Amino acid sequence: MAETKYIFVTGGVVSSLGKGIISSSIGKLLQARGYNITIQKFDPYINIDPGTLNPYEHGECYVTADGMETDLDLGHYERFTGIQTTKANSMTTGRIYKSVIDKERRGDYLGKTIQVVPHITDEIKRNIKLLGQKYHYDFVITEIGGTIGDIESAPFMEAIRQMKWELGNRAVNVHLTYVPYLKAAQELKTKPTQHSVKELQSVGIQPDILVLRTEKHLSDQIRKKVAAFCNVDFDCVIQSEDVPSIYEVPVGMQDQGLDTAILKKVGEPIGEKPALGPWRAFLERRKNSKEEVHIGLVGKYDLQDAYKSIRESLSQAGTYNDHKTVITFINSEKITEDSVAELIKGQDGIVICPGFGQRGIEGKIIAAHYARVNDIPTFGICLGMQMMVIEFARNVLGYKDANSREMDEKTIHNVIDIMEEQKNITNMGGTMRLGQYECVLKQGSRVFDIYQKENIRERHRHRYEFNNSFEQEFERNGMMCVGRNPESDLVEIVEIPGMKWYIGTQFHPEYQSTVLKPHQLFVDFIKTAIKNQK
């Protein structure tokens with residue numbers, strides 16, 4: 001395959017139809033056929049990145065290996081395909097405009113009047129093509145956030161229109177719409193899809209393939225009707241029915257012939273249908289896992305997507321232990337000394353979640369204390385680890401005012417502190433330890449046994465660190481610092497050796513757990529939680 005081909009995934013009717021899952025599935029299926037692919041997300045909001053967005057607004061913020069704070073869909077891309085995304089895989093309107101304004105200020109446009117067309121659209125096109133030109137991928141899949149008809153996505157649609165015109169059959173549009181079922185009339189309605197396609201055609205884009213999201217099976221008659229009204233070939237009208245797990249989507253899309261339709265459109269040979277062996281084996285194992293393991297997520301964002309990668313990592317780890325992971329969200333704001341036993345009852349293990357800010361942290365500390373005293377398998381991630389450290393300092397070292405500098409500026413027992421070079425930062429965006437850092441594990445420790453190696457690399461997203469001046473006191477009293485960064489000497493992992501599983505990590509291991517390579521910390525944590533239950 002000589003020149004890079006481009007697949008644009010757009011959405012209509014309503015948002016949250018699962019464009020990210022469809023994009024990931026397309027990537028997975030093309031990979032299985034031997035193509036070299038990457039997937040990128042273009043978000044029409046004006047934030048520079050999702051790093052400063054509240055998780056209630058946009059779900060979790062996913063961090064790439066090179067330290068870019070991105071949309072949670074990049075997590076799906078990596079989990080499904082095993083590729084590593086970078087900052088080039090995530091783009092927002094804010095970054096596009098900033099780049100154009102910076103060029104204008106430098107005089108790059110030689111005094112021209114700067115306009116949405118051509119300047120903004122050219123910048124969008126440049127960013128869409130960047131990865132293909134640099135790494136010579138066979139396919140670059142570009143997902144456009146939002147819904148057709150949104151004011152903010154207009155420049156992106158214009159850029160796609162131009163690219164489809166310029167690239168001919170090297171560019172394909174896959175448009176995702178929704179076919180609602182009206183219960184009272186007992187009918188599936190295709191009108192919203194027709195309107196959505198009309199809207200797309202009105203900006204000059206003719207979709208090549210339609211993926212219809214539906215809760216009920218669509219008859220061939222309905223698909224024929226959509227094909228006729230929308231000028232799309234019948235075999236390019238694909239239905240995506242609701243399935244019990246997102247991981248079944250690639251198999252469903254393959255059975256529907258989505259990858260075949262794409263290859264036909266770009267003039268590539270169709271060849272044999274790939275078997276997707278390891279993927280199907282994972283699904284089989286998942287289906288056969290009847291026993292349950294119960295994990296409590298102790299956090300403050302009562303929203304599925306806020307801890308998306310952690311939930312997926314726990315779920316994958318359950319499958320690899322032949323169990324179904326049942327996750328219960330435990331709101332840390334509701335945890336008190338009186339309620340903790342009742343709230344954690346019935347959990348085989350708990351995860352103390354990451355987060356920022358004061359709200360809900362005392363509940364996390366009480367949960368850590370209860371789990372430590374009762375030897376319940378506990379996994380603290382980022383802020384979760386910091387809460388385990390503070391709890392230990394308060395209740396074992398006897399420093400009742402122990403805290404993080406983030407929560408209490410004045411405490412003299414600042415067991416979690418900010419690094420010198422971070423102290424004068426007032427700007428919230430991108431000023432943390434972000435992305436992949438090296439960590440050296442202590443031989444003989446529990447984490448060393450889990451990883452089976454001394455040097456690991458994990459992704460970070462935090463501003464506050466373990467205060468090394470307290471290290472000896474912690475270790476004398478039984479909390480060991482078992483992983484550290486070789487350059488800065490910062491502590492990355494703490495554990496209490498005698499316990500079933502009491503480990504905290506400064507980094508976010510959930511960012512590296514994929515369907516075919518689950519993260520060993522989660523797998524071991526779930527394994528211990530199952531033993532604990534028995």
Side-chain angles (χ1 to χ4, degrees), residues 8-26 43-44 56-59 72-73 76 143-154 156-157 160 172-262 287 302-305 308:
F8 300 108
V9 180
T10 55
V13 188
V14 288
S15 57
S16 302
L17 286 178
K19 292 191 297 290
I21 304 292
I22 292 295
S23 304
S24 305
S25 300
I26 293 171
D43 260 316
Y56 286 119
E57 287 272 328
H58 213 74
L72 62 80
D73 277 320
H76 291 310
E143 177 194 343
I144 306 291
T147 313
I148 177 71
D150 296 346
I151 287 177
E152 57 256 38
S153 62
F156 292 96
M157 293 304 163
I160 291 174
V172 176
N173 170 245
V174 177
H175 190 56
L176 194 61
T177 75
Y178 178 54
V179 179
Y181 177 71
L182 290 187
K183 212 166 167 189
Q186 297 201 329
E187 276 186 299
L188 285 152
K189 290 293 181 192
T190 62
K191 193 58 85 185
T193 294
Q194 294 172 42
H195 279 302
S196 177
V197 170
K198 219 182 214 137
E199 184 99 50
L200 201 56
Q201 288 165 337
S202 75
V203 297
I205 298 170
Q206 167 59 43
D208 299 288
I209 295 165
L210 290 176
V211 176
L212 311 179
R213 286 286 285 112
T214 170
E215 284 144 45
K216 296 209 178 292
H217 187 76
L218 305 178
S219 65
D220 281 357
Q221 196 185 345
I222 290 179
R223 286 175 52 224
K224 278 190 181 121
K225 181 180 169 186
V226 169
F229 275 113
C230 300
N231 308 341
V232 174
D233 300 332
F234 175 64
D235 61 354
C236 290
V237 179
I238 310 282
Q239 61 176 323
S240 174
E241 271 183 275
D242 285 2
V243 282
S245 150
I246 55 172
Y247 301 123
E248 289 175 35
V249 176
V251 174
M253 290 300 96
Q254 188 188 52
D255 295 342
Q256 290 275 317
L258 177 57
D259 50 340
T260 310
I262 289 170
K287 220 170 31 230
D302 193 357
L303 178 80
Q304 289 259 5
D305 279 355
K308 189 74 181 164

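Model, not experiment: these values are computed from the prediction.
No donor-acceptor distance shorter than 3.5 angstrom exists from the side chain of E248 to the backbone of V243, with no hydrogens or angles considered. In this structure, R213 contributes its side chain and S240 its backbone to a donor-acceptor pair below 3.5 Å. When atom types are taken as modelled, the side chain of S196 and the backbone of P192 share no donor-acceptor pair closer than 3.5 angstrom. A donor-acceptor contact shorter than 3.5 Å links the side chain of Q206 to the backbone of C230. Checking side-chain atoms of K216 against main-chain N and O of E187 turns up no donor-acceptor pair under 3.5 Å.
Between I144 and M157 the shortest side-chain heavy-atom distance falls below 4.5 Å. Here the side chains of I246 and H76 are in contact, with some heavy-atom distance below 4.5 Å. Put simply, the side chain of Y178 does not reach to within 4.5 Å of the side chain of K189, judged on heavy atoms. Annotation: side chain of M253 is not in contact with side chain of I26 (no heavy-atom distance under 4.5 Å). No side-chain heavy atom of T10 sits under 4.5 Å from any side-chain heavy atom of I148. Contact check for L200 versus N173: side-chain heavy atoms found under the 4.5 Å cut-off.
Looking at residues two or more places apart in sequence or on another chain, you find no ring-ring contact (aromatic ring centres under 6.0 Å, His included) involving F8. Take E241 and apply the salt bridge (charged side-chain N to carboxylate O under 4.0 Å, His left out) test, not counting sequence neighbours, and it matches no residue.
Surrounding CG of L182 are more than 12 heavy atoms belonging to other residues, nucleotides or ligands, all under 6.0 Å away.
Once rounded to the nearest 0.5 Å, the distance linking CG of D220 with CD of Q239 reads 8.5 Å.
Residue pairs that meet the side chain to side chain donor-acceptor pair (under 3.5 Å) test with at least one member in residues 225-235, sequence neighbours left out, are D233-K265, D235-K264. Legend: ring pair (Phe, Tyr, Trp, His ring centres under 6.0 Å) pairs involving residues 182-220, not counting sequence neighbours: none detected. Listed by first and then second residue, the ring pair (Phe, Tyr, Trp, His ring centres under 6.0 Å) pairs involving residues 232-254 are F80-Y247, Y247-F282 (not counting sequence neighbours). Pairs of residues two or more places apart, or lying in two chains, that qualify as salt bridge (Lys or Arg N to Asp or Glu O under 4.0 Å) and include a residue from residues 143-154 are K41-E143.
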| message | As a quick check of understanding, evaluate side-chain contact (heavy atoms from CB on, under 4.5 Å) for V237 and L212, giving each step before the final call. | response | CA-CA 7 Å; V237 179; L212 311 179; 3.7 Å; yes

